[in-house]
Amino acid sequence: MSHDHTHPDPRGNTSGRFRWVLLAFLAIAGFFLFAEHRAHLFGVLPLFLLLLVCPLMHLFMHSGGGHRHSGGDKP
């Protein structure tokens with residue numbers, strides 16, 4: 001049995017409409033969360049950046065430390 005794709009979906013485009021409404025709601029909620037809690041975020045930002053720098057320094061500074069081993073023994 002083949003499906004006839006000429007008839008429109010009786011439900012309409014609800015999934016696309018829902019996606020746009022959800023995106024708009026999240027954007028508005030994010031804006032108000034940022035606007036109301038900006039002082040808290042900027043107060044904690046230096047501590048967060050300090051904690052973020054530690055693993056990044058460990059990752060990038062140990063990459064060229066000579067820990068690679070080649071097949072032969074070199075002095």
Side-chain angles (χ1 to χ4, degrees):
M1 178 186 318
S2 78
H3 296 282
D4 188 18
H5 294 289
T6 58
H7 297 291
D9 188 11
R11 295 176 296 165
N13 194 7
T14 56
S15 64
R17 202 174 296 148
F18 174 75
R19 192 173 296 145
W20 280 108
V21 169
L22 179 65
L23 212 68
F25 173 76
L26 289 176
I28 293 169
F31 170 76
F32 281 114
L33 276 173
F34 178 74
E36 292 296 322
H37 297 284
R38 185 177 16 201
H40 304 296
L41 290 174
F42 291 147
V44 178
L45 190 62
L47 178 64
F48 178 71
L49 289 176
L50 184 65
L51 290 175
L52 183 65
V53 164
C54 293
L56 288 176
M57 281 178 46
H58 181 77
L59 179 70
F60 290 117
M61 293 184 76
H62 285 286
S63 65
H67 296 288
R68 296 184 184 111
H69 299 287
S70 63
D73 291 334
K74 294 183 181 178

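Atom set for the values below is all heavy atoms of this structure, side chains included, hydrogens, waters and symmetry mates excluded.
Judged as a side-chain contact (heavy atoms from CB on, under 4.5 Å), and not counting sequence neighbours, the contacts of F34 are R38, L41, F42. With sequence neighbours excluded, the residues that form a side-chain contact (heavy atoms from CB on, under 4.5 Å) with L56 are L52, F60. Take L51 and apply the side-chain contact (heavy atoms from CB on, under 4.5 Å) test, not counting sequence neighbours, and it matches L47.
In terms of hydrophobic clustering, with Ile, Leu, Val, Met, Phe, Trp and Tyr side chains grouped at heavy-atom distances under 4.5 Å, V21 and I28 are assigned to different clusters.
To the nearest 0.5 Å, atoms CZ (F31) and CD (E36) are separated by 9.0 Å.
The hydrophobic side chain of L33 is isolated, with no ILVMFWY side chain under 4.5 Å apart from it. The hydrophobic cluster containing L50, built from Ile/Leu/Val/Met/Phe/Trp/Tyr side-chain heavy atoms closer than 4.5 Å, comprises no other residue. Hydrophobic cluster of L23: the remaining members, joined at side-chain heavy-atom separations below 4.5 Å, are W20, listed by chain and number.
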